[in-house]
Amino acid sequence: RMVHSPRTLVLLAAATFLAILSPVTQAADVRSGESIVIAAKETIADDLYVFGKSITIDGTVEGDVIAFGEQITINGTVQGDVMAGGQAIT
């Protein structure tokens with residue numbers, strides 16, 4: 001029986017998602033890494049696809065947010081829809 005860590009599963013889901021939606025992501029802001037922060041004064045005038053261990057959105061996203069990570073925190077404004085997968089989403 002093969003056991004995968006939550007981080008491995010999140011990264012696999014993110015890679016699969018990007019592969020499926022690659023034509024869509026060309027018109028979006030895509031960010032990945034250990035820790036991603038969208039600053040309070042930052043505005044993203046498009047959809048945001050973000051993948052990482054720690055994701056914090058304090059700014060404004062004028063489109064949709066797709067986020068996969070361990071800790072996802074949205075304190076800012078998202079004008080579109082939010083789809084998120086993680087251990088803790090606030």
Side-chain angles (χ1 to χ4, degrees):
R1 175 180 154 131
M2 192 179 267
V3 178
H4 295 286
S5 72
R7 181 181 171 113
T8 302
L9 294 175
V10 166
L11 292 175
L12 181 60
T16 302
F17 186 78
L18 282 176
I20 291 170
L21 294 179
S22 60
V24 174
T25 59
Q26 292 175 356
D29 190 336
V30 180
R31 301 186 190 189
S32 64
E34 191 73 17
S35 178
I36 296 96
V37 176
I38 308 301
K41 294 185 179 184
E42 186 174 359
T43 297
I44 298 174
D46 212 332
D47 295 336
L48 174 65
Y49 297 84
V50 61
F51 310 96
K53 183 176 181 180
S54 171
I55 300 165
T56 303
I57 300 173
D58 290 327
T60 300
V61 179
E62 295 179 348
D64 298 334
V65 170
I66 308 295
F68 291 99
E70 288 184 27
Q71 172 68 43
I72 302 167
T73 304
I74 301 175
N75 299 315
T77 301
V78 177
Q79 295 177 355
D81 295 324
V82 174
M83 183 171 83
Q87 290 181 346
I89 303 169
T90 56

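With rounding to the nearest 0.5 angstrom, the CD1 atom of Ile57 is 10.0 Å from the CD atom of Glu42. Between the CD atom in Glu34 and the CD atom in Glu70 there is a gap of 8.0 Å [rounded to 0.5 Å]. We find the CG-CG distance between Asp64 and Asp47 to be 4.5 Å, quoted to the nearest 0.5 Å.
The cluster map of Ile, Leu, Val, Met, Phe, Trp and Tyr, joined by side-chain heavy atoms under 4.5 Å apart, puts Ile55 and Val65 in the same cluster. Hydrophobic clustering of Ile, Leu, Val, Met, Phe, Trp and Tyr side chains at less than 4.5 Å, counting indirect connections, keeps Ile89 apart from Val37. In the hydrophobic clustering of ILVMFWY residues, with side-chain heavy atoms under 4.5 Å counting as a link, Val61 and Ile72 come out together.
Residues satisfying the salt bridge (charged side-chain N to carboxylate O under 4.0 Å, His left out) criterion with Glu62, sequence neighbours excluded, are absent altogether.
Using a 4.5 Å cut-off on side-chain heavy atoms (C-beta onward), Ile44 and Arg31 make contact. Annotation: side chain of Leu48 is in contact with side chain of Ile38 (closest heavy-atom distance under 4.5 Å).
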Give the table of side-chain donor-acceptor pairs shorter than 3.5 Å for residues 75-86, with sequence neighbours excluded, one pair per line with atom names and distance.
residue: Asn75; atom: ND2; partner: Asp58; partner atom: OD1; Å: 2.8

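For Ile36 against Phe51, the heavy-atom pair with the smallest separation is CD1-O, 3.5 Å.
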